[in-house]
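Order of listing sets the numbers, starting from 1, for every ligand and every atom in it. Computed from a predicted structure; not experimentally measured. Computation of the quantities below employed the complete heavy-atom set of this structure, encompassing side-chain atoms and omitting hydrogens, waters and symmetry-equivalent molecules.
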Amino acid sequence: MAIDILYDRDITCLYCGKTFKTKRIRNSKLIVKKRDPDFCVHYEGENPYYYNISVCPYCSYAFSGSFSPVREQYKAALEEDYFQKVGSVELCGERTHQEAVRSYKLALVCGSIVHEPRYVMAGIFLRLAWLHRFQGDTAEEKKALAKALELYNLVYEHGEHDKYSMGEHRLIYLLGELNGRLDKIDEARRWFNMVISDRSVEPALKNTARERWNEYKNKGQ
Ligand SMILES: [Zn+2]
């Protein structure tokens, strides 16, 4: 099953422009086990999140599908602060948990050097948190969740939600959920209330926000 579900995909490097093959998961073969309230999906067998980041075998540039081609102005900084330090990296095959985590960490370094937008970086931190969750590593999960929360707060503050693929309501809900997971109960209440009291929010999301808030509220007592 593990062999069947993985396939080689051609990806073009956003830095050097060379094309390489890297593993991906066939979505049609995925079986959902459960969904967490912060949109994390648990699957049976192979984990598609392991393969979200492509790492170029020629230059080691690491990027997600949301990254943009590298602009000229960042190339010198990448050379000095990334390529020279990281050396050659081979992450195009089947990945272990550690290799998946490494691919995310490399993408975070590259993304910060080339100034990928906050919502892109937040999404990587959130998925990195989920990787740690799958392993039961709560301390590392919380560190990554805290970074995701910090960035999603800025996305909201700067009115960048229109770029956020989940839309404004889901972003506000997610801010409530991430605060709750990080035991920031007052903040969680503020965001969940925004979802619950907004008439234009879809009823399903509103109900989930209500349920989550009840859970966090009771935990805090
Ligand atoms: Zn490359």
Side-chain angles (χ1 to χ4, degrees), residues 2-30 39-41 43 45-132 134-135 137 140-141 143-144 147-148 150-152 154-155 160 163-166:
I3 294 160
D4 192 27
I5 198 168
L6 288 169
Y7 71 100
D8 282 315
R9 171 124 176 235
D10 284 328
I11 298 282
T12 301
C13 177
L14 295 176
Y15 177 79
C16 72
K18 289 182 183 159
T19 300
F20 58 94
K21 288 191 190 303
T22 190
K23 294 289 179 204
R24 284 288 191 277
I25 300 259
R26 287 182 211 282
N27 288 337
S28 58
K29 301 251 178 199
L30 286 174
F39 308 130
C40 171
V41 184
Y43 297 94
E46 282 286 347
N47 189 332
Y49 297 121
Y50 279 18
Y51 301 95
N52 273 2
I53 304 294
S54 302
V55 185
C56 176
Y58 300 106
C59 72
S60 304
Y61 190 64
F63 53 100
S64 77
S66 305
F67 276 40
S68 305
V70 176
R71 279 179 276 170
E72 206 53 47
Q73 68 202 90
Y74 300 126
K75 290 190 171 173
L78 267 180
E79 188 58 44
E80 197 171 317
D81 299 333
Y82 179 72
F83 295 126
Q84 284 181 16
K85 289 179 185 161
V86 79
S88 80
V89 184
E90 175 47 63
L91 287 172
C92 293
E94 199 169 338
R95 289 177 183 166
T96 62
H97 168 76
Q98 276 80 11
E99 287 169 337
V101 166
R102 182 159 189 235
S103 71
Y104 277 71
K105 290 188 172 170
L106 294 177
L108 287 168
V109 176
C110 291
S112 86
I113 294 172
V114 303
H115 293 85
E116 279 296 332
R118 284 183 270 255
Y119 68 97
V120 172
M121 300 296 280
I124 296 177
F125 274 115
L126 184 58
R127 280 157 191 80
L128 177 60
W130 297 344
L131 291 191
H132 292 305
F134 299 137
Q135 290 297 106
D137 189 341
E140 285 301 311
E141 178 194 338
K143 265 193 233 166
K147 290 298 292 182
E150 189 186 317
L151 289 166
Y152 280 130
L154 291 170
V155 167
E160 296 161 347
K163 294 178 194 157
Y164 183 68
S165 60
M166 283 173 177

Has [X] got a side-chain atom pairing as donor or acceptor with [Y]'s backbone, closer than 3.5 angstrom?
X     : Y     : result
Glu90 : Cys92 : yes
Ser60 : Gly87 : yes
Arg24 : Tyr51 : yes

Contacts of the Zn ion (ligand 1) with protein N/O/S atoms, counting only those under 2.8 Å: Cys13 SG, Cys16 SG, Cys56 SG, Cys59 SG
Arg102-Thr96 side chain donor-acceptor pair, cut-off 3.5 Å: no
Aromatic ring pairing Tyr82/Tyr61, orientation class (parallel under 30°, perpendicular over 60°, tilted between): perpendicular
Positive for side-chain contact (heavy atoms from CB on, under 4.5 Å) with Tyr50, one of Arg127, His97, Lys23: His97
